Chemist: 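Structure in structure tokens, see below.
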Amino acid sequence: MGFVASFLIVYGVAGVVLGVAFAIAIGRWLHHQRRSQVAACARSPSASPDAMREGFALLRGAVGADDAAPDDAVIAVEIPGGGQAAPGATPGAWHTRARAFSLRLPSGAAVRVEPASGRLALDTTFVPASRGGAFVYRSEVRPGDAIYIAGSLRREIDPSAAGKGYRDAAQAWVLRAPAHGNLCVSSDTVIAHHARRARFHRAWAVALGAALTALHLGLFRAFHANVLGALAPAGDVGAAPAGGIGIGPAALALFFVGAVALAYRTLAEQTSPWTELRVERPRTA
């Protein structure tokens, strides 16, 4: 097999395909790890309030019971499930209600949560319901509920508390949607799913990295040596013209790369705990 064809197989197919799969596995691992790792300040009752840090945080706690009546949800999201729209609702539109509330951490510390319109996501279980004769999927967060919530944690001046003077205003921890993204509320089940997905993609990242290393340091090692020899300055000892790889090793490499990449994609889809739900949104004129 010629040098150009061998070069494309080694670096274009084996290198890029496995390299991209490896990068995707690492990215998905970090994503799910980030979505399942609770901040140190919210992991246990003995956690110190001093452990709070500004920045992205996943917190676990209970919605303050004094924020509203027991039957008054602090967050409610309804998704149309088809059929006739509820009275007063736009067909196909999501219906969201949210207001500020306090989140009581296991340590007893309180964090003020301030949802913003259009910057809120409920990564929880939606149950079928009926509203005004229309079929909808509904999810609610009520006072006393134990939830996980991820967003941007900041320390700000608390206008509801008195400080020691204008130079020493009272401060409180506030959780809002991050600059790029939504304030995300999750349940125990969803967090457990994220943790399992993090382990799944981490294992595949290790396997893909090992496959990539074994392929290039094993089957393609001689080819790499020939390429480096051909690129060496003229007159260098050991320089040799680059040659191609055999048809057999090339076919084996293509089969190996395709099988590994396909196995990762197939297993990732088959083991995914989430089902994608598409909701048609009305077009604006």
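Computed from a prediction, not measured in an experiment: that's the story for all the values here.
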Chemist: So which residues get pulled into Leu262's cluster when ILVMFWY side chains under 4.5 Å apart are joined, directly or through others?
Modeler: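 Result for Leu262 is none, singleton.
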Chemist: Could Glu114 and Arg154 be called an ion pair, given the rule that one side-chain N must be under 4.0 Å from one carboxylate O?
Modeler: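 Arg154 and Glu114: not salt-bridged.
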Chemist: His95 versus Pro80: any side-chain heavy-atom pair under 4.5 Å?
Modeler: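 In short, these two side chains do not touch, never coming nearer than 4.5 Å.
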Chemist: Cluster partners of Ile191, using ILVMFWY side-chain heavy atoms under 4.5 angstrom, listed by chain and number?
Modeler: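 Its cluster mates, by chain and number, are Val38, Leu58, Tyr148.
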Chemist: Tell me, please, which residues at least two apart from Thr266 pass side-chain hydrogen bond (donor to acceptor under 3.5 Å, both in side chains).
Modeler: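 In terms of side-chain hydrogen bond (donor to acceptor under 3.5 Å, both in side chains), with neighbours along the sequence ignored, Thr266 is linked to no residue.
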Chemist: Under the side chain to side chain contact (heavy atoms under 4.5 Å, CB included) rule, what do Phe101 and Ile75 come out as? Steps first, then yes or no, please.
Modeler: CA-CA 9 Å; Phe101 61 92; Ile75 298 176; 3.8 Å; yes
Chemist: Do His32 and Arg35 pass the side chain to side chain donor-acceptor pair (under 3.5 Å) test, and can you show the C-alpha distance, the side-chain angles, and the key distance before you say yes or no?
Modeler: CA-CA 5 Å; His32 290 292; Arg35 293 293 301 273; over 6 Å; no
Chemist: Tell me, do Val113 and Leu183 make a side-chain contact under 4.5 Å, heavy atoms counted?
Modeler: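 They are in side-chain contact.
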Chemist: Does Arg43 have any side-chain hydrogen bond (donor to acceptor under 3.5 Å, both in side chains) partners at least two apart in sequence or in another chain, and if so, which?
Modeler: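 Partners of Arg43 by the side-chain hydrogen bond (donor to acceptor under 3.5 Å, both in side chains) criterion come out as none, since no residue qualifies.
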Chemist: Please list, chain by chain and in numerical order, all residues satisfying side-chain hydrogen bond (donor to acceptor under 3.5 Å, both in side chains) with Ser36, sequence neighbours excluded.
Modeler: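 side-chain hydrogen bond (donor to acceptor under 3.5 Å, both in side chains) list for Ser36, sorted by chain: empty.
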Chemist: Ser44: which residues meet the side-chain hydrogen bond (donor to acceptor under 3.5 Å, both in side chains) condition with it, sequence neighbours left out?
Modeler: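 In terms of side-chain hydrogen bond (donor to acceptor under 3.5 Å, both in side chains), with neighbours along the sequence ignored, Ser44 is linked to Ser46.
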Chemist: Is it true that atom CZ of Arg265 has more than 12 heavy atoms of other residues, nucleotides or ligands lying nearer than 6.0 Å?
Modeler: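 Incorrect, the count does not exceed 12.
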